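Fair warning: this is a prediction, and the values are worked out from it, not measured in the lab. Atoms within a ligand are numbered from 1 in the order they appear, just like the ligands themselves.
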Amino acid sequence: MHIHDLIGIGFGPSNIALAITLDEKQQQGSRTDFFFIERQPGFAWHANMMLDNAHMQISFLKDLATLRNPSSHFTFINYLHQKRRLQDFINLKTFFPSRHEFNDYLAWAAGHFDDRCAYGEEVFEILPEQHAGQVTHLRVRTRNPQGVVRERAARNLVVSVGGTPNIPECFRALENDKRIFHSNSYLSTIAQRENARKIAVVGAGQSASEIFMDLHHRFPDSRVDLIMRGRSIKPSDDSPFVNEIFNTDFTDFVFSRPAPERSALIEEFWHTNYAAPDLVLIEQIFNVLYQQKVTGNLRHRFLRRHEVAAAHAAPDGIRLTLRDLNTATEYAVAYDAIVLATGYTHDRHRILLGALAPYLGDFTVNREYRIQSTPDFQPAIFLQGACESSHGLSDTLLSVTAVRTDEIGQTLLDVIHQSLAQRMRTQYAPLPISEAL
Ligand SMILES: Cc1cc2nc3c(=O)[nH]c(=O)nc-3n(C[C@H](O)[C@H](O)[C@H](O)COP(=O)(O)OP(=O)(O)OC[C@H]3O[C@@H](n4cnc5c(N)ncnc54)[C@H](O)[C@@H]3O)c2cc1C
């Protein structure tokens, strides 16, 4: 079986940026045989949250390449130029393109690597391949929607699989009930729930807010309860000094701190990224609720300081037991549909790399995002988007993507060269005298 220098799992922004970095390094003379595997049938960026008025929450200058190489072919500005929209975009006077446009930019960039990516295959297992007591490379096993299993081999791996929908404990037993779904599948599922009249949205972040507004317009006869533990919806703080935590050199600072200090930093700035919608969106929601007071048609409710204590499925609806945290009282409400805008976890690599766990310990990464391994394990495995606790809040976002892929790319090239030199030494080592005779 052919052995690739690198297989990247997932072909979202993180690995597209890596493909670009490696491609540009290749143009400077280094040869790398890299390949990516993506489970979606084609490129799509959070397709189920591609809502009509959604905008980027980050400057377009933090695209796939600019911070690493502003003269790259793959900058957002060059994409606009190629699409003949650069001047029109300038006239928009914004740093924050629509999510539709950014998705189109990412798809344009991904399209340059169609011969280096297998779409429609999900990696489900990675196995160690041993030679003379050493794990020398990895067997990457995929399955397509028809159940066909395929195997490829790689000397190194980059795992960039994004987040896994976070389902709160009280909903886990009802995961197969189509009336409850995560924001991750919002658009494809809500289209099948046209008759839903009473809908709950659980969450306090950008997705919860966007979905509340979408439901308000999508189903004019619906009644929507927005349920959150917090007392108010707080806006994301993107003021300049706070935004410095997303600068690339802040990653060095976070990584250099002892673990308790890193945790304190993440806690201090948690609201820059989590449970923090854009101010404009918060104002839109406030306006909707205010207009209800004017008309007296109290269609939607803002259930602040509430948490879901229990959820039960009945034929005529999902019954939620809601706990009012102000009064410590509980009451029940039935809903036709429940949207869980409850965020994501970023630990799927632990399952994917499960068979390698004996070599990888507790999956600790170094500054270059490489998982530390035992001495008998040669492959380098890198993580993108799963290192928030060690590298800071920018890790799951686009903020440092371009620069991070340079750090990973350079380390990878060093590993590849070392491993090549090692293989050459083994191949051409002088034979022992007895064998030479
Ligand atoms: C709705 C939404 C809006 C966002 N907006 C912003 C924003 O404006 N600014 C910002 O900085 N961040 C934003 N984010 C954060 C987001 O995580 C990053 O923008 C970005 O998507 C991270 O890229 P990634 O490649 O690491 O992960 P992803 O984009 O999640 O890509 C991972 C890819 O891996 C694939 N995959 C997963 N498992 C497997 C497997 N086993 N085998 C093969 N393929 C697999 C997935 O299908 C996916 O394509 C947003 C997130 C969401 C959910």
Which option wins on minimum heavy-atom distance to [atom]: [options]?
{"atom": "atom 5 (N) of ligand 1", "options": "Phe96, Trp45, Tyr186, Phe36", "result": "Trp45"}
{"atom": "atom 41 (N) of ligand 1", "options": "Val123, Leu106, Asp395", "result": "Val123"}
{"atom": "atom 39 (C) of ligand 1", "options": "Val161, Leu398, Ile37, Thr164", "result": "Val161"}

For Ser14, counting its heavy atoms only, list the atoms of ligand 1 lying under 4.0 Å from any of them.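 What qualifies from ligand 1 is 23 (O), 24 (P), 25 (O), 26 (O).
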Ion pair present between Glu368 and Arg404, side-chain N to carboxylate O less than 4.0 angstrom?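 The answer is no: the pair does not qualify as a salt bridge.
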Taking Arg172 first and then Glu175, would you say they form a salt bridge - that is, a charged N and a carboxylate O separated by under 4.0 Å?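 No.
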Counting heavy atoms only, which part of [X] comes closer than 4.0 Å to ligand 1: side chain, backbone, both or neither?
{"X": "His46", "result": "side chain"}
{"X": "Met49", "result": "side chain"}
{"X": "Asn184", "result": "neither"}
{"X": "Thr396", "result": "backbone"}

Does ligand 1 have any atom that is closer than 4.0 Å to a heavy atom of [X]?
{"X": "Arg348", "result": "yes"}
{"X": "Glu121", "result": "yes"}
{"X": "Gly385", "result": "no"}
{"X": "Phe124", "result": "no"}
{"X": "Gln384", "result": "no"}

Do Thr66 and Asp63 meet the criterion of a side-chain donor-acceptor pair at a distance under 3.5 Å?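 Checked: Thr66/Asp63 side chains pair up, N/O donor to acceptor below 3.5 Å.
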Is there a polar contact between ligand 1 and [X], counting only N or O atoms under 3.5 Å apart?
{"X": "Glu38", "answer": "yes"}
{"X": "Arg99", "answer": "no"}
{"X": "Gln57", "answer": "yes"}

If you draw a 6.0 Å radius around NE2 in His81, do more than 12 non-hydrogen atoms from other residues or ligands fall strictly inside?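 Atom NE2 in His81 is not packed in, count stays at 12 or less.
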Check whether more than 12 heavy atoms from other residues, nucleotides or ligands sit under 6.0 Å from atom CG of Asp114, and answer yes or no.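 Yes, the 6.0 Å shell around CG holds more than 12 heavy atoms from other groups.
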Worked verdict on Phe35 versus His4 for ring-ring contact (aromatic ring centres under 6.0 Å, His included): CA-CA 7 Å; Phe35 192 76; His4 296 281; 5.3 Å; yes
